[in-house]
Amino acid sequence: MNLLRFTRLLALGLALLAAASTARAQWTSRGSSGGRLVIEVLDIGQGDSILIRSPEGKTALIDAGPTRRGAVDLLRRMGVTHLDLVAISHHHSDHYGGMEEVVRVLHPQYFLASRSGHSTRTYLNLLRAVEAQSITAIQPGSRPRRIELGTVELTIFPQPPEDPRNENNNSIGLRLRYGAFSMLLTGDSEVVEREWWERHDPSLVRDCTILKLPHHGSRNGTDERWLELVRPELAVASMGRDNEFGHPHPETLRLLSRDRIPLLRTDQLGTIALESDGRTWSVIRPAMARRGRPTQADIDRIATVTRDDAVERSPRRSRTR
Ligand SMILES: [Zn+2]
């Protein structure tokens, strides 16, 4: 496919990203990072969309949820007017559905996606929009690659051989690092891809502060081995309320609870915001009673309050998204 001009070398592009961008922190004062990294797992329904804002005001959006305008409307409401980088974890519409609109409205500088041949007309339209705006396209390679968002570092995992039968296994793997804080984002990767990364370079996935559960908490996105390697202090996951897939699956919840890893879910809490100064981290939305690692009891209490509150405020709100 030559819709995209995959021509510029990553090193060149990323040096530009680090050095030449004139991006400023353009979100509202409430969302201002104040020298901290802020990561928001957006309440996007049954899909993924994660906004990263570096202390320097560099911004990246990983995935854009299932619906055409969902992500762009959310970002606008949050006061986001600029994105340095957008990424599609893999070619499923619950991840790229809103990205064409994001690209058209927010004109990101860089577009990261895999070369997977899995495609649809909507995905091709997204690629056309990327090309029409001369956005620099970047891809995972056979070795880890690094993107700098100011002082926040994103490592793009090497891409395993394409799985033609299961697009989930063509997910892009990303490890975010800011000082001692790290987060693992691997799209909807299933065991085949996760094992490949482990064989290839276990240090990519080992010991991350926060784990975004692969595949919305599905049983095929999390297993004992994965949790043993990543050893997260907290798991986050995005899924629609009462979704038809039963996400998160009880097997995943059992594994997390066995390992005492608290889980924050967008279907219960809405948008989840995490903050780090590179040494410590905290959950800033929903507001937790205390800073630092929340316990599962903290989360359960807040989830209950949030759910009741949502029902009270909008009793006719659709429960299926
Ligand atoms: Zn998905």
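For ligands, and for the atoms within them, numbers begin at 1 and follow the listed sequence. Since the model is a prediction, treat every value here as computed from it, not as a measurement.
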Do side-chain atoms of [X] reach the backbone of [Y] as a donor and acceptor pair under 3.5 angstrom?
X    : Y    : result
S238 : T266 : no
R265 : P248 : no
S171 : N168 : yes

Original post:
Any chance the side chains of H90 and E167 put a donor and an acceptor closer than 3.5 Å?
Top reply: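 No pair is found: no donor N or O on one side chain lies under 3.5 Å from an acceptor on the other.
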Subject >> Pair S49-D63, side-chain donor/acceptor within less than 3.5 Å >> reply: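 No.
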Subject >> Protein N, O or S atoms lying under 2.8 Å from the Zn ion (ligand 1), listed by chain and number >> reply: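 Protein N, O or S atoms closer than 2.8 Å to the Zn ion (ligand 1): D94 OD2, H95 NE2, D188 OD2, H216 NE2.
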**OP:** Examine H118 together with H91 and report whether their ring centres are nearer than 6.0 Å.
**Re:** no
